[in-house]
Protein chains: 2
Amino acid sequence: MPRTSDKRERLVDAAVTLFHHRGYGQTSLADIAEQSGVPLGNVYYYFKTKDDLANAVIAERIHHQQDTFAECEQDNDPQASLYCFLDILVDMSGDISRYGCPIGGLCQELNKEDTALTDRADELLGQALKWSAKQFRKMELKDATQLAQHMMATMHGASLLANTFNKPRIIKDEAVRMKAWIKSL
Amino acid sequence: MPRTSDKRERLVDAAVTLFHHRGYGQTSLADIAEQSGVPLGNVYYYFKTKDDLANAVIAERIHHQQDTFAECEQDNDPQASLYCFLDILVDMSGDISRYGCPIGGLCQELNKEDTALTDRADELLGQALKWSAKQFRKMELKDATQLAQHMMATMHGASLLANTFNKPRIIKDEAVRMKAWIKSL
DNA sequence: GTCTATATGTTGATAGAC
DNA sequence: GTCTATCAACATATAGAC
């Protein structure tokens, strides 16, 4: 009865990584059990279904993204906040070019299933979109939602291209372009 | 021995649709057999493996895309060609918002597997990128490759957002934005 | 709470009659 | 060329001993 068992956390951590690297559908619970060092049968003590575990993964990503945005907003300067976000994407460009964007990947894949999971994944992207729009609004720009849409579209597309051609450089290029674009608004 | 059997074609057609709607990994050969009206065991007469069938699907998409680009180039006016391509994307925005971009989806999913299929899928996106760059070059613009990259990134990202939020409008908005951007170059 | 053993269904793929 | 029957592997999920 160790209340301090970290098995649940290890399972979520392993699932976060494996869903990113291999995708949700191509990752089996056996894979996750093995990687986290938890016996397969024990997984079901923590998560009734695979969808349940996926839900925990998405929740983890939502929280992590919230932290990221909070960090970017430290100076309370909306333009600097957006720049910071773009810099973080560039920092992750190696990972993204290898495994794709973890958020875009989840959205793309889960939108093909028709579980309740779909809507949870949409929250992830929705959160990013809302945060970006908030920054543009703080900059007192018109059509903040559209501007956020354009920035997010560009960087998610850049992630797809970088992943497809295995060129992290594409993310760097588009981040530079986005910064110039933001400055010009 | 009916040389005129259309079973092979029906199989590819069904696979093209199902891979788009449900994804490669989530589509079983039984699904494809059923939708095309070919008995499951007979599928293997035409395609030795599932990967083999996927290869045929990608080949079909490559040819279809070639036709699309040829159609867009009719007037031999590079700017009009790019506009035409964007218009076609807008025409497809309903389908894309429902099922995602068929090309982006394949690239995203197949880049997670490590079969030879990955490279085939990359050809699809590479073909589009090269064609776009060719148009920008014809317009005598510098950094045509980068411009093509930006346009493709933006529209692929727009497709992801449109799919995620089920809003075809996002594709329309970004197409309009891209046209204005091209004009301004 | 933990783990082994296993049920149950589906998958890609094969064998072989016609 | 066509189709039925089926295999072997792997999936999610459960039962029940400890």
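In what follows, every chain begins at residue 1, and chains take the letters A, B, ... in the order their sequences are listed.
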Asks: D:dG1 P sits how many Å from B:K7 NZ, rounded?
Replies: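 Value for this atom pair: 11 Å.
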
Asks: What's the CG-P distance between B:D6 and D:dG1, to the nearest Å?
Replies: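 These atoms are roughly 13 Å apart.
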
Asks: Taking atom CE of A:M178 and atom NE2 of B:H150, what is their separation to the nearest 0.5 Å?
Replies: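 Rounded to the nearest 0.5 Å, the CE-NE2 separation comes to 4.5 Å.
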
Asks: Sub-3.5 Å donor-acceptor pair from the side chain of B:S36 to the main-chain atoms of B:A14, do we have one?
Replies: no

Asks: Using atom types as modelled and distance alone, determine if a side-chain donor or acceptor of A:T118 lies under 3.5 Å from a backbone N or O of A:D114.
Replies: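 No, A:T118 side chain to A:D114 backbone: no donor-acceptor pair under 3.5 Å.
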
Asks: When you check the phosphate oxygens OP1 and OP2 of D:dG1, does a side-chain N or O of B:S5 lie under 4.0 Å from one of them?
Replies: no

Asks: B:Y45 OH to C:dA13 C1': how many Å, rounded?
Replies: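 Checked: the OH to C1' distance equals 18 Å.
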
Asks: Does B:K134 pair with B:E73 as a salt bridge, N-O distance under 4.0 Å?
Replies: yes

Asks: If you count heavy atoms of other groups shown closer than 6.0 angstrom to CD of A:Q66, is the number above 12?
Replies: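 Buried by this count: over 12 neighbours within 6.0 Å.
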
Asks: Reading nucleotides 11-18 of chain D from the 5' end, what letters show protein touch, with B for base, S for backbone sugar-phosphate only, - for no heavy atom under 4.0 Å?
Replies: SSBB----

Asks: Would you call A:K138 and A:D77 a salt bridge, taking side-chain N to carboxylate O under 4.0 Å as the test?
Replies: no

